Number of protein chains: 2
Amino acid sequence: MIKPVAPDSEFTIRELAQEFDVTPRTLRFYEQKGMITPTRRGAARIYSAADRARIELILRGKRVGFALDEIKEILDLEAIDRGGRERLEPAIERFTARIIVLEQQREDVERAIAELQAGLAWMRERLEDRTPSDDVRRRARAFEALAQARLDPWSGAPSTG
Amino acid sequence: MIKPVAPDSEFTIRELAQEFDVTPRTLRFYEQKGMITPTRRGAARIYSAADRARIELILRGKRVGFALDEIKEILDLEAIDRGGRERLEPAIERFTARIIVLEQQREDVERAIAELQAGLAWMRERLEDRTPSDDVRRRARAFEALAQARLDPWSGAPSTG
DNA sequence: TCACACACTTACGCGAACGTCAACGTCAAA
DNA sequence: TTTGACGTTGACGTTCGCGTAAGTGTGTGA
């Protein structure tokens, strides 16, 4: 969890880079793409709490597979909002489509977790020098099928043509 | 949902490409990386049901953010499995680490969905030419903060330095 | 005043994951 | 036999998301 901060906080590029575990270069890159617009003190960038919130959203967006341009569009909701019906309606459609993708993705993530856990169970049993139990085999059914894809051409039927 | 198929099914590259909505080039690329090994009829690739299952896993892996090399490692569980303790133990750690990332990601996805839905509600109210209701505003709090990040330097305090 | 840390801009580089030719083979239908 | 759809193998091109210098301030403590 990211700690909340006072709304009038200010940050240097290095502070935020460290907090979010990215490089300063990354933050400058996002700025160059127009995703954040920190103010300046001289030439140095000063980030506000709102900038910080944007960065948080950018990184979360990335983690769930949004491209930077897509994240930018979300960040620019304000601009869309001021753009009237013509911009609003297609944006609503894109957002809706995105939500559908994300719901698919949530399912994907859950299946991936299940698959990795099945693989883990398999490996752990192997660590104990015994062949996986029936229970584990059942849960790792997917891996067995995959393994066969590799083994078949070598150990399988000598002539198929 | 992907339809299940008979275990002795065979597919051409185009069939699978269409089914999974990728180009043939993509499947050849995965093969070149050693992730699938379809048999040949002459020079033409013939994909088995197991190959198909592998492709399914590859694409799901991609959707949740795995790099192809990581997916390959998962697919090669069999090889790891035959590699003895030295390969098994680090693999177990990597799998475990991955699961943790995925669980974080599941949370990210849920928050992203919530945020997009809040944004949608906001936009829909705007479509009806009224300023968002308090309820929507509350749920779209994140967007308000983000909007401010943009508006502050223009409409905000005239002198802050 | 010097050194040093840290910032800035500009610009080229890079790996991943394919796209896109180009040039060719193959098989069935007309 | 020609046409056309579909397949093959290189090999180079492209986009994304930064990394990595190179060269230049800017401020701060010894």
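Quick note on labels: first sequence line is chain A, next is B, and so on, each numbered from 1. Everything numeric here is computed off the predicted structure, so don't read it as measured data. Excluded from the calculations below are hydrogen atoms, water molecules and symmetry mates; all remaining heavy atoms, backbone and side chain alike, are included.
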#### Entry: Carboxylate-amine/guanidinium contact A:Arg94 A:Glu70, below 4.0 Å
no
### Query
Would you call A:Glu31-A:Arg40 a salt bridge at under 4.0 Å N-O?
yes
### Task
May I have the distance from B:Phe11 (atom CZ) to D:dG7 (atom P), rounded to whole angstrom?
15 Å
### Query
Which nucleotide in the set D:dG7, D:dT9, C:dA7 lies at the smallest distance from any side-chain heavy atom of B:Ala44?
D:dG7
### Message
Rounding to an integer number of Å, can you tell me how far B:Ile58 CD1 sits from C:dA16 P?
### Response
16 Å
### Task
Would you mind reading off the distance between B:Met35 atom CE and C:dA17 atom C1', rounded to a whole angstrom?
11 Å
### Summary
Each nucleotide of nucleotides 12-29 of chain D classed B (base within 4.0 Å of a protein heavy atom), S (only sugar-phosphate) or -, in 5' to 3' order, makes -----BBBB---------
### Query
Base, sugar-phosphate, or nothing: which does B:Arg40 touch, judged by heavy atoms less than 4.0 Å apart?
sugar-phosphate
#### Entry: B:Arg63 CZ - C:dA17 C1' separation (whole Å)
16 Å
### Message
If I take atom CD in residue B:Gln18 and atom C1' in nucleotide D:dA5, what distance separates them, rounded to the nearest angstrom?
### Response
13 Å
### Message
Would a single hydrophobic cluster contain both B:Val101 and A:Leu102, if residues Ile, Leu, Val, Met, Phe, Trp and Tyr are joined by side-chain heavy-atom contacts under 4.5 Å?
### Response
no
### Query
Does a side-chain N or O from A:Arg14 land closer than 4.0 Å to OP1 or OP2 of C:dA7, or not?
yes
### Task
Would you kindly give the CG-to-P distance between B:Asp21 and C:dA17, to the nearest whole Å?
18 Å
### Task
Check every strand shown and say whether B:Arg28 touches a base, only sugar-phosphate, or nothing at a heavy-atom separation below 4.0 Å.
base
### Task
Report yes if a side-chain nitrogen or oxygen of A:Arg41 is closer than 4.0 Å to either non-bridging phosphate oxygen (OP1 or OP2) of C:dC6; otherwise report no.
no
#### Entry: Electrostatic pair A:Asp51:A:Arg45 at N-O distance under 4.0 angstrom
no
## Note on the structure
Taken to the nearest 0.5 Å, the spacing of A:Arg126 CZ from B:Ile80 CD1 works out to 12.5 Å
### Message
How long is the straight-line distance from CG of A:Leu120 back to CD1 of B:Ile99, given to the nearest 0.5 Å?
### Response
4.5 Å
### Task
Measure from CD1 on A:Ile13 to C1' on C:dC8 and round the result to the nearest Å.
9 Å
### Query
What's the verdict on side-chain contact (heavy atoms from CB on, under 4.5 Å) for A:Thr12 and A:Leu16, showing C-alpha distance, side-chain angles and the deciding distance?
CA-CA 7 Å; A:Thr12 70; A:Leu16 288 187; over 6 Å; no
### Task
Would you kindly give the CD-to-C1' distance between A:Gln32 and C:dT9, to the nearest whole Å?
10 Å
